[in-house]
Undergrad: 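I'd like to ask some things about the structure below.
Scope of the values below: all heavy atoms of this structure, side chains included, with no hydrogens, waters or symmetry mates. Letters go in sequence order (proteins before strands), and every chain restarts at 1.
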Amino acid sequence: MDLLLRDTLSGRARPVRHRRGRPVGIYVCGPTVYDGAHVGHARTYLFFDLVRRHLEAERIPVHHVMNVTNFEDKIDTRAAELGVTWRTLALREEAGFLRDLHALRILSPHVRPRASAFVPQMTEVVRRLARTGRVHRQGDEWMYTPPARPREVNFATASELASHAVHEPGHPFPLGEGAAGEFMVWKRQDPPRPSWPGPWGRGTPGWHLECYAMANQLLGLPVDVHGGGTDLIFPHHFAENEVALALRHRPFARIFVHPGLVLWEGSKMSKSKGNLVRLRAALQEAGPDALRWYLLGRPLIDRFHWTSEGAHRSASEWRRIQRTLQHWLRAGEGGRVGAVRAREVAEEVRRDLAADLATDRVFDHLRAWVTAIEGDPSGHVPFGERGRAAAALRDVEWRTGLRILT
RNA sequence: GCCAAGGUGGCAGAAUGGUUAAUGCGGCGGCCUGCAGAGCCGCUUCCUGGGGGUUCGAUUCCCUCCCUUGGCUCCA
């Protein structure tokens with residue numbers, strides 16, 4: 001069954017397909033490691049976790065890459081505060097971040113390249129961009145200014161540009177020279193800050209080049225599925241896509257996906273604002289399954305308003321679902337709800353996940369199933385059906401990442 | 001300001017050009033209860049942001065206004 005995902009760039013639902021002879025290439029923008037993960041990160045990576053689970057359940061090979069940005073200004077700042085090197089801090093935070101994602105049972109990407117290992121490739125990208133004649137110096141920074149492009153080729157940049165745009169079919173989207181579409185490709189910088197030799201002396205390559213260099217080398221462009229939180233659309237995914245268009249004359253990705261951000265107390269959770277719920281704390285309080293049940297309970301594309309009350313409710317609902325299903329699986333006499341129903345539910349789950357990962361509907365099916373079991377005086381799967389029922393449940397478990405049986 | 005997504009019962013959140021607008025949570029009332037779990041039943045009767053328009057008929061389509069939230073080079 002094809003997995004349909006809504007592509008953010010075109011706004012259309014598109015089937016995830018792999019190129020001939022290759023696995024599906026998924027490239028996910030990973031974290032900048034200077035602090036722990038919060039539940040917003042968790043929800044974003046849950047999205048890609050479900051993409052992968054679905055494809056693998058359908059026996060479609062997947063190659064899943066998530067980068068780790070391990071050099072960046074904020075890491076330097078934090079490292080200086082702590083009196084350690086940026087490499088030390090980044091290694092430590094990366095380990096903690098990945099441990100938390102793992103605790104949520106998010107499948108580990110097949111490859112987790114660190115940005116610092118791709119500096120030569122990034123520097124080569126800088127050189128090739130410079131050859132286009134579109135790079136200009138601005139103090140200690142070198143900026144790349146993208147050319148005008150038809151509107152449907154890349155994400156809209158900032159407001160001013162969009163507001164002046166004349167949306168005539170087939171006409172280029174006016175992207176002014178030196179305007180908001182430009183982005184930094186190289187910055188002069190010296191130790192102890194991260195720095196390497198480059199086209200204009202020692203310095204550090206721009207962040208946006210990182211994902212291009214890695215995706216190009218590890219997966220080949222365009223990658224089949226690419227994304228991250230909606231806050232990355234501009235400038236990050238815009239810039240990556242510009243690089244791909246400039247150097248390879250093809251888009252960065254065939255499908256861009258952007259799960260909705262998690263908000264808390266009315267605004268976006270972010271490290272810089274400090275208004276966040278840490279993943280580790282949430283895991284300790286609720287456990288991985290209840291947390292999944294909460295975070296996946298609404299369409300992943302929509303914004304998610306985190307409340308502690310909502311988290312508690314979800315946790316108690318999850319307990320009920322798990323308890324009832326575990327009890328049901330102990331075979332008994334006269335059970336009305338049997339393996340056939342389990343198989344139906346598993347098939348509904350499969351179908352709803354294939355339709356743009358409609359986890360909210362998936363959960364509705366599970367709730368209805370549990371309610372049916374609870375309304376059954378026996379409350380057990382009939383004798384002789386346990387094996388088939390358990391198999392159906394295991395399929396649901398695999399696809400959703402929820403652990404029901406144990 | 002511009003771009004985008006939304007505004008449905010106490011809350012969350014579906015659905016549909018047409019009988020009493022799903023479901024879950026919560027609340028209220030009642031029943032049952034002791035080798036899974038407290039569960040089960042009933043009630044919560046006039047909820048679709050405002051205003052226009054299209055239509056025999058709109059929550060559903062169109063226009064407009066209002067409001068909320070996010071983005072607009074730190075961001076998952």
Undergrad: For A:His365 and B:A14, give me the distance from atom NE2 to atom C1', rounded to whole Å.
TA: 12 Å
Undergrad: Below 6.0 angstrom between ring centroids: does that apply to A:His41 and A:Phe97?
TA: yes
Undergrad: Using the P atom in both, what is the distance from B:C46 to B:A22, to the nearest Å?
TA: 9 Å
Undergrad: Using the salt bridge (charged side-chain N to carboxylate O under 4.0 Å, His left out) rule, pick out the option among A:Arg319, A:Arg323, A:Arg105, A:Arg403 that qualifies with A:Asp289.
TA: A:Arg105
Undergrad: Could you check which of B:U69, B:U73, B:G13 has an atom nearest any side-chain atom of A:Pro235?
TA: B:U73
Undergrad: Send over the distance from A:Leu261 CG to B:A4 C1', rounded to a whole Å.
TA: 12 Å
Undergrad: Between B:C25, B:G37, B:A76, which nucleotide has the shortest distance from any of its atoms to the side chain of A:Arg320?
TA: B:C25
Undergrad: Want to settle it: does A:Thr324 or A:Arg6 sit nearer the 5' end of RNA chain B, counting the closest nucleotide to each?
TA: A:Arg6
Undergrad: Using a heavy-atom cut-off of under 4.0 Å over every strand shown, decide if A:Gly228 touches base, sugar-phosphate, or nothing.
TA: sugar-phosphate
Undergrad: With a 4.0 Å cut-off on heavy atoms, is A:Gly30 in touch with a base, just the backbone sugar-phosphate, or nothing at all?
TA: sugar-phosphate
Undergrad: Is the phosphate of B:C11 approached by A:Arg298 (side-chain N or O, under 4.0 Å from OP1 or OP2)?
TA: no
Undergrad: Pick the C1' atom in B:C62 and in B:U55, then give their distance to the nearest Å.
TA: 12 Å
Undergrad: What's the closest nucleotide to the A:Thr32 side chain, out of B:A76, B:A36, B:A14?
TA: B:A76
Undergrad: Pick the P atom in B:U19 and in B:C63, then give their distance to the nearest Å.
TA: 25 Å
Undergrad: Given the C1' atoms of B:C11 and B:U64, what is the spacing between them in whole Å?
TA: 31 Å
Undergrad: When the P atoms of B:A21 and B:U44 are compared, how many Å lie between them, rounded to an integer?
TA: 13 Å
Undergrad: So which nucleotide from B:A36, B:U69, B:A76 ends up closest to the side chain of A:His327?
TA: B:A36
Undergrad: Do the ring centers of A:His237 and A:His226 come within less than 6.0 Å of each other?
TA: yes
Undergrad: Can you tell me which nucleotide in B:A15, B:G24, B:A76 comes closest to the side chain of A:Glu317?
TA: B:G24
Undergrad: Considering only the P atoms, how many Å lie between B:G10 and B:G49, rounded to the nearest integer?
TA: 14 Å
Undergrad: Across the strands shown, which category fits A:Arg319 at heavy-atom distances under 4.0 angstrom: base, sugar-phosphate, nothing?
TA: nothing
Undergrad: How long is the line joining CG of A:Asp364 and P of B:A22, in whole Å?
TA: 14 Å
Undergrad: Name the pairing partner of B:U33, where a pair is Watson-Crick or G-U wobble with both distances under 3.5 Å, or state none.
TA: none
Undergrad: Do A:His380 and A:Trp328 have ring centroids that are under 6.0 Å from one another?
TA: no
Undergrad: What does B:U54 pair with, Watson-Crick or G-U, if both distances are under 3.5 Å?
TA: none
Undergrad: Between B:G13 and B:G24, how far apart are the two C1' atoms, rounded to whole Å?
TA: 8 Å
Undergrad: Using Watson-Crick or G-U wobble geometry with both distances under 3.5 Å, which nucleotide pairs with B:A38?
TA: none
Undergrad: Quick check: A:Tyr34 with A:Phe71 (ring centres under 6.0 Å apart)?
TA: no
Undergrad: Starting the side chain at C-beta, find the nucleotide from B:A76, B:C72, B:A14 nearest to A:Phe234.
TA: B:C72
Undergrad: Hunt down the Watson-Crick or G-U wobble partner of B:C2, both distances under 3.5 Å, from any strand shown, or write none.
TA: B:G71
Undergrad: Quote, to the nearest angstrom, the C1' distance that separates B:C67 from B:G51.
TA: 15 Å
Undergrad: With a 4.0 Å cut-off on N to O distance, would you call A:Arg43 and A:Asp49 a salt bridge?
TA: no
Undergrad: With respect to the phosphate group of B:A76, does any side-chain polar atom (N or O) of A:His41 fall under 4.0 Å of OP1 or OP2?
TA: yes
Undergrad: Just the rounded figure in Å: distance from P of B:G37 to CH2 of A:Trp328.
TA: 20 Å
Undergrad: Relative to each other, are the rings of A:Trp318 and A:Trp293 parallel, tilted or perpendicular (30° and 60° limits)?
TA: tilted
Undergrad: Find the distance A:Arg43:CZ to B:G70:C1' and express it as a whole number of Å.
TA: 14 Å
Undergrad: Rounded to whole angstrom units, what separation is found between the CD1 atom of A:Ile106 and the P atom of B:A76?
TA: 14 Å
Undergrad: Are A:Tyr144 and A:Phe183, when compared by the centres of their aromatic rings, separated by less than 6.0 Å?
TA: yes
Undergrad: Measure from the side-chain heavy atoms of A:Tyr45 and tell me the nearest of B:U69, B:A36, B:A76.
TA: B:A76
Undergrad: Under 4.0 angstrom, heavy atoms only, what part of the nucleic acid is A:Arg361 near: base, sugar-phosphate, or nothing?
TA: sugar-phosphate
Undergrad: Please determine, for B:C25, whether a Watson-Crick or G-U wobble partner exists with both distances under 3.5 Å, and give it or none.
TA: B:G10
Undergrad: Starting at CE of A:Met184 and ending at C1' of B:U73, how long is that distance when rounded to a whole Å?
TA: 10 Å
Undergrad: Can you tell me the distance, in whole Å, between the CD1 atom of A:Ile301 and the P atom of B:A5?
TA: 13 Å
Undergrad: Please pick, from B:G24, B:A14, B:A76, the nucleotide with the shortest atom-to-atom distance to any side-chain atom of A:Arg367.
TA: B:G24
Undergrad: For A:Phe363, report the nucleic acid contact type (base, sugar-phosphate, nothing); a contact means any heavy atom under 4.0 Å.
TA: nothing
